[in-house]
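Data block below; observations after.
The structure presented is a predicted model; accordingly, all values stated were derived computationally and were not measured.
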Amino acid sequence: MYQYVSAEEAVSVIKSGDRVFSHGSACTPNFLIDELARQADRLRNVEFVSITQQGNIEIAKPEYKDSFYINSLFTSTPVRGAVNGDNGDFVPVFLSEIPILFKNGLLPIDVAIITVSPPDKHGYCTLGTSVDIARAAVDTAKKIIAIVNPKMPRTHGDGMVHIQRIDKMVWHEADLLTINYSEKVGAEELQIGKNVAELIDDKSTLQMGIGTIPDAVLQCLHNHKNLGIHTEMLSDGVIDLIQKDVVNNKYKGFHNNQTITSFCFGTRRLYDFVDDNPSISFLDVEHVNFPINIMKNKKMTAINSAIEVDITGQICADSIGTFQYSGIGGQMDFMRGAALSEGGKPIIAITSRTKKGVPRIVPHLKLGAGVVTTRGHIHWVVTEYGAVNLYGKNLRQRAKLLISIAHPDDREALERAAFERFKVAL
């Protein structure tokens, strides 16, 4: 009934000088990216734009730099080398505003490569686990190439794409890329989870960022009641909470009775859970992450992490010095939206030190580090040693509070640095 073509024929529509969008997370179209690498000799200066890519991104390797340029909107492991090398770069932008770049012609898309669920009886595929910025890319791209993967869940919300919109379809059955954050939760993360859980009231609406700490928080919420979810990303930790009616979305005030997300990334259990699940809506990130929409949720509690925090409350979450590690993402969208919500709480949760023993609470950010959340936007900061609220506090008060939740072995040095800066003992 449907006409499928080979990977070779599908990517043949891509020309030198094109800007190509690549679907992200579990939808990363690695099968077609590998084919692009095989056709590299005929291509020059193809710009590759995306958010989080997973798996092996062959074209990001230095040997392909004459053919492909990685222009990352959120940097992940497979493209990090390119972004920090001479065959890539990074665009600082709020996740909620990436669709605007596509729609307003600031980053017009020539070709969108996506992964979709099989078409239904009406001819509609879905964008599966990642609607996020893919919705805008599909809506604005001149041409669309799609991998149709029967293992891609069919999701509800904004992700419908009719086969008539797709220029080339490739049937390719493959397991989706997965990640299990709960396996990485250690004693420190679990204590942070407990500390954050104490800040969360019943009937709160939650946003969780990416990583082990947000998953640890979810593990500590099983005694809560009537929670809601409005988040850019969904992980495995929500499944048990929904099934136990801890999360029921009854009191959100916006999108009641629905779990709202823009993408999910986790294990196969999560993908099976969201498949044809009408209680979970995958919506355009321009809607999900719009701060005014976020603030419509009551007791909006945003839980995000950071690379380092200085003693005045500046949050670096996207770089290690000048090394581009990740991206701005949706942190500021939700930090601001939660702050404006009735009873809302913006939270930055971090371990006091990295796994290598490097302090995360520091006198000043590393040279060249990017400030994602400003000290004007910061409220709660949580480590395994406690939780402090910096909102309304002056710089000296902030320094004293942050030092109190720093690693004990770092506190004396932080106090000396604070004295040198403020000329008084805290």
Side-chain angles (χ1 to χ4, degrees), residues 21-22 24-25 48-54 70-80 82-84 88-104 106-107 130-137 207-211 213-214 230-233 261-263 265 284-295 300 302-310 313-340 346-350 360 365-381:
F21 167 81
S22 175
S25 299
F48 192 79
V49 299
S50 65
I51 49 175
T52 308
Q53 297 285 277
Q54 300 293 339
I70 309 300
N71 200 16
S72 176
L73 301 166
F74 189 96
T75 305
S76 52
T77 303
V79 301
R80 207 168 278 148
V83 169
N84 289 281
D89 208 335
F90 166 69
V91 179
V93 61
F94 298 136
L95 188 56
S96 62
E97 295 187 359
I98 294 175
I100 297 172
L101 301 182
F102 299 159
K103 293 176 182 179
N104 288 3
L106 294 169
L107 282 178
S130 290
V131 171
D132 46 62
I133 69 168
R135 177 74 270 169
Q207 174 259 340
M208 295 77 61
I210 296 172
I213 290 176
H230 182 111
T231 186
E232 71 191 40
M233 180 206 173
T261 189
S262 73
F263 75 101
F265 192 38
D284 188 327
V285 78
E286 189 175 3
H287 175 85
V288 174
N289 282 39
F290 187 42
I292 292 175
N293 288 337
I294 294 167
M295 68 173 284
M300 185 72 219
I303 305 157
N304 290 277
S305 197
I307 291 174
E308 58 181 357
V309 183
D310 79 6
Q314 293 189 112
I315 306 297
C316 173
D318 72 336
S319 67
I320 302 172
T322 58
F323 183 85
Q324 194 60 46
Y325 186 81
S326 56
I328 291 175
Q331 182 172 120
M332 266 304 303
D333 295 330
F334 276 93
M335 291 292 285
R336 192 62 185 146
L340 296 172
I347 299 170
I348 294 291
I350 54 171
R360 291 194 188 274
L365 302 181
K366 291 182 179 65
L367 182 66
V371 175
V372 169
T373 294
T374 76
R375 57 192 183 187
H377 292 99
I378 192 69
H379 285 233
W380 288 93
V381 179

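Atom CD1 of residue I348 and atom CD1 of residue I303 lie 10.5 Å apart, to the nearest 0.5 angstrom. Rounded to the nearest 0.5 angstrom, T52 OG1 and F265 CZ are separated by 8.5 Å. From Q53, atom CD reaches atom OG of S72 across 8.0 Å, with rounding to the nearest 0.5 Å. To the nearest 0.5 Å, atom CZ of residue F102 and atom CG of residue L106 are 11.0 Å apart. From L73, atom CG reaches atom CG of L101 across 7.0 Å, with rounding to the nearest 0.5 Å. From F74, atom CZ reaches atom CD1 of I51 across 8.5 Å, with rounding to the nearest 0.5 Å.
With a 4.5 Å cut-off on side-chain heavy atoms, I307 and S319 do not count as touching. Within the 4.5 Å cutoff, no side-chain heavy atoms of I98 are placed close to those of V285. Residues M300 and M295 fail the side-chain proximity criterion, which asks for heavy atoms closer than 4.5 Å. Between H230 and V288 there is a side-chain heavy-atom pair separated by less than 4.5 Å. Between D318 and Q324, some side-chain heavy-atom pair lies under the 4.5 Å cut-off. Side-chain contact between I133 and F21: present, with at least one pair of heavy atoms (C-beta onward) separated by less than 4.5 Å.
Side chain of S130 to backbone of D132: no donor-acceptor contact under 3.5 angstrom is found. Using a distance-only test at 3.5 Å, with no hydrogens or angles considered, a donor-acceptor pair links the side chain of T231 to the main chain of M208. The backbone N or O of Y325 sits less than 3.5 Å from a side-chain atom of R80, completing a donor-acceptor pair. For N293 (side chain) and H287 (main-chain N/O), a donor-acceptor pair under 3.5 Å exists by modelled atom type.
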Show me the side-chain donor-acceptor pairs of residues 326-337 shorter than 3.5 Å, one per line, residues at least two apart or across chains.
from	atom 1	to	atom 2	distance (Å)
S326	OG	A317	O	3.1
Q331	OE1	T373	OG1	2.8
Q331	NE2	S305	O	2.9
D333	OD1	S96	OG	2.9
D333	OD2	S96	N	3.1
D333	OD2	S96	OG	3.3
D333	OD2	N289	ND2	3.3

Please list every donor-acceptor pair under 3.5 Å in which a side-chain atom of residues 365-372 meets a protein atom from a residue at least two apart or in another chain.
from	atom 1	to	atom 2	distance (Å)
K366	NZ	E308	OE1	3.2

**Message:** What verdict does the side-chain contact (heavy atoms from CB on, under 4.5 Å) test give for V309 and I378, after you've listed the backbone C-alpha separation in whole Å, the side-chain angles of each residue and the deciding distance to 0.1 Å?
**Reply:** CA-CA 10 Å; V309 183; I378 192 69; 6.0 Å; no
